[in-house]
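Worksheet for the structure shown next.
Residue numbering restarts at 1 for every chain, and letters A, B, ... go by the order of the sequence lines.
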Number of protein chains: 2
Amino acid sequence: MSSVRLSTTSYVVLGMIALRGPSTPYDLKRAIGRSVGYFWSFPHAQLYSEPKRLEHAGLLELEEEQHGRRRKLYTITGEGETALRNWLSEPVNAHFELRDVAEIKLFFNELATPADVARLASGQIEQHERRIAEYESMQKRYSDIDDVASRMVTLELGLGMERAALDFWRDVAGRVERGEFPAPPAREAARRRARKAT
Amino acid sequence: MSSVRLSTTSYVVLGMIALRGPSTPYDLKRAIGRSVGYFWSFPHAQLYSEPKRLEHAGLLELEEEQHGRRRKLYTITGEGETALRNWLSEPVNAHFELRDVAEIKLFFNELATPADVARLASGQIEQHERRIAEYESMQKRYSDIDDVASRMVTLELGLGMERAALDFWRDVAGRVERGEFPAPPAREAARRRARKAT
DNA sequence: TTCTGGACAGTCTGAAACGGACGATTTCAA
DNA sequence: TTGAAATCGTCCGTTTCAGACTGTCCAGAA
């Protein structure tokens with residue numbers, strides 16, 4: 001009812017309930033964990049407080065409340081569906097963000113040792129290989145279930161990203177092995193700066 | 001001095017000061033905006049408060065404070081460099097996150113119209129093409145400046161990611177054009193569900 | 001000169017996001 | 001039948017976040 005600011009979190013909650021039908025926060029947590037959570041993680045506490053907010057805003061409805069384990073079942077309202085559809089039809093202006101601490105560490109490679117960079121790269125290669133295997137098995141598992149097929153597209157993007165990252169880190173690992181990286185001159189300069197500053 | 005929890009933000013601040021030498025928060029803001037900020041954005045207010053925290057922790061030193069425009073020049077301490085180097089040599093356990101609202105909207109494609117999806121895809125194609133052009137021109141501009149060459153590696157990862165995303169969205173656009181997507185049956189089911197809920 | 005607009009630099013605030021500890025409930029196997 | 005593990009939910013203190021706001025400096029117009 002009252003005008004609240006809706007964040008991406010809000011729309012994910014709204015969208016999940018629209019897709020799945022009436023859901024409890026815990027349902028959301030699990031559904032998100034198996035899908036969009038791979039790309040964008042939402043802290044579980046948020047998935048309990050956000051529906052409450054959305055209910056106050058009239059976009060969700062508290063359908064029923066069980067006893068004992070006091071679960072709350074939320075349903076999307078007509079208003080909620082309208083808000084969701086409007087959002088879906090709006091253009092996306094923000095560019096994606098790749099929050100990757102490995103990449104940040106690599107950015108500071110001048111301040112690290114070649115061994116550090118080598119370990120970083122091999123760790124990343126392992127991680128991305130594992131993730132690719134995981135995505136591929138998900139793809140195989142769900143490829144013939146028609147009902148979720150259209151949700152699986154995003155998996156393809158995930159796979160593309162993972163493979164690009166894997167290629168990149170393999171290249172980095174190769175360069176480090178061949179002694180091409182981190183570039184010795186820059187490293188020396190950094191070390192000189194470091195000494196001076198101590 | 002006192003033990004504070006160091007986040008990625010902390011290390012980015014520390015690392016930037018280590019690379020650039022004594023810096024003001026505003027310097028950091030600009031330097032980050034031109035580099036790691038492309039992947040992982042930090043709100044500028046953070047870049048004023050974080051150095052203060054790090055100074056209290058003994059990892060930075062307030063070197064001098066100009067008059068008039070009361071700028072604060074921060075320098076990294078020996079302790080700060082140690083903390084930074086330790087972090088750089090630690091393994092990365094977290095997987096990267098791709099925070100992309102376009103991808104989230106695509107995940108909910110069943111709830112949108114084909115026209116929505118088509119617009120989404122063409123918008124993304126444009127955005128990624130622009131970003132690729134930007135990255136390529138940065139690469140050209142800096143390729144012969146030895147001093148920043150090793151920082152430019154991360155640009156390659158960025159380019160790889162952008163190209164993967166571009167390929168993906170072109171594919172989506174093609175499928176939508178050919179009427180293969182969003183899958184009509186799923187869309188009908190969603191519509192039915194939607195009608196029932198209203 | 002003074003005025004003024006725009007780039008530059010920094011502060012403040014309230015709301016979300018975060019993560020992890022904790023508590024309660026249910027299930028199931030020993 | 002009991003108690004360990006899995007399930008489900010709340011709470012709380014930080015950190016992050018966006019963006020409004022304030023002040024400073026400089027250049028060129030008046």
Return the 5'-most residue of the pair Lys52(B), Ser10(A) with respect to DNA chain C, ranking by each residue's nearest nucleotide.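 First, find each residue's nearest nucleotide; the 5'-ward one identifies Lys52(B).
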Over how many whole Å does the gap from [X] atom [atom1] to [N] atom [atom2] extend?
| X | N | atom1 | atom2 | answer |
| --- | --- | --- | --- | --- |
| Tyr11(B) | dT16(D) | OH | P | 12 Å |
| Glu50(B) | dG10(C) | CD | C1' | 16 Å |
| Leu6(A) | dA16(C) | CG | P | 10 Å |
| Arg5(A) | dC17(D) | CZ | P | 17 Å |
| Leu73(B) | dA9(C) | CG | P | 12 Å |
| Arg30(B) | dC8(C) | CZ | C1' | 9 Å |
| Leu28(B) | dC8(C) | CG | C1' | 15 Å |
| Lys72(B) | dG10(C) | NZ | P | 8 Å |

Less than 4.5 Å apart, any side-chain heavy atom of Thr24(A) and any of Tyr74(A)?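 No - every pair of side-chain heavy atoms lies 4.5 Å or more apart.
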Mind listing the side-chain donor-acceptor pairs of residues 29-43 of chain B below 3.5 Å, one per line with the distance, residues two or more places apart or on another chain?
residue, atom, partner, partner atom, Å
Ser35(B), OG, Ala31(B), O, 2.7
Tyr38(B), OH, Glu134(B), OE2, 3.0
Ser41(B), OG, Glu97(A), OE2, 2.9

Counting only non-hydrogen atoms, which of residues 40-48 of chain A are less than 4.0 Å from DNA chain D?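 DNA chain D contact set from residues 40-48 of chain A: His44(A), Ala45(A), Tyr48(A).
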Does the side chain of Thr154(A) come under 3.5 Å of the side chain of Glu103(B) through a donor N or O and an acceptor N or O?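 No, no side-chain donor-acceptor pair sits under 3.5 Å.
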Can you tell me if Glu61(A) and Thr77(A) form a side-chain donor-acceptor pair at under 3.5 Å?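 There is no such pair (donor and acceptor under 3.5 Å, judged by atom type) between the side chains of Glu61(A) and Thr77(A).
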Could you state whether Leu159(A) and Tyr142(A) fall into the same hydrophobic cluster, counting links through intermediate Ile, Leu, Val, Met, Phe, Trp or Tyr residues with side-chain heavy atoms under 4.5 angstrom apart?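 Same hydrophobic cluster.
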ILVMFWY cluster, Tyr48(A) and Leu59(A) together (side-chain gap under 4.5 Å):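 No; tracing contacts between hydrophobic side chains, which count when under 4.5 Å, never links both residues.
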Would you classify Ser49(B) as touching base, sugar-phosphate or nothing, given that sugar-phosphate means primed atoms plus P, OP1 and OP2, and contacts are heavy atoms under 4.0 Å?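 The residue Ser49(B) makes no contact with any strand.
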Taking only the side-chain nitrogens and oxygens of Thr9(B), find out if one of them lies under 4.0 Å from OP1 or OP2 of dT16(D).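 Yes, because at least one side-chain N or O of Thr9(B) sits under 4.0 Å from OP1 or OP2 of dT16(D).
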Return no unless some side-chain N or O of Lys29(A) is found under 4.0 Å from OP1 or OP2 of dT10(D).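 Checking dT10(D) against Lys29(A), no side-chain N or O comes under 4.0 Å of OP1 or OP2.
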Where the side chain of Ser7(A) is concerned, which of dG9(D), dA17(C), dT16(D) is the nearest nucleotide?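 Given the options dG9(D), dA17(C), dT16(D), the side chain of Ser7(A) is closest to dA17(C).
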For the side chain of Arg53(B), starting at C-beta, report the closest nucleotide among dC8(C), dT15(D), dT16(D).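 So the side chain of Arg53(B) is nearest to dT15(D).
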By ring pair (Phe, Tyr, Trp, His ring centres under 6.0 Å) - contacts of Phe96(A) (at least two apart):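 Phe96(A): ring pair (Phe, Tyr, Trp, His ring centres under 6.0 Å) contacts with His128(B).
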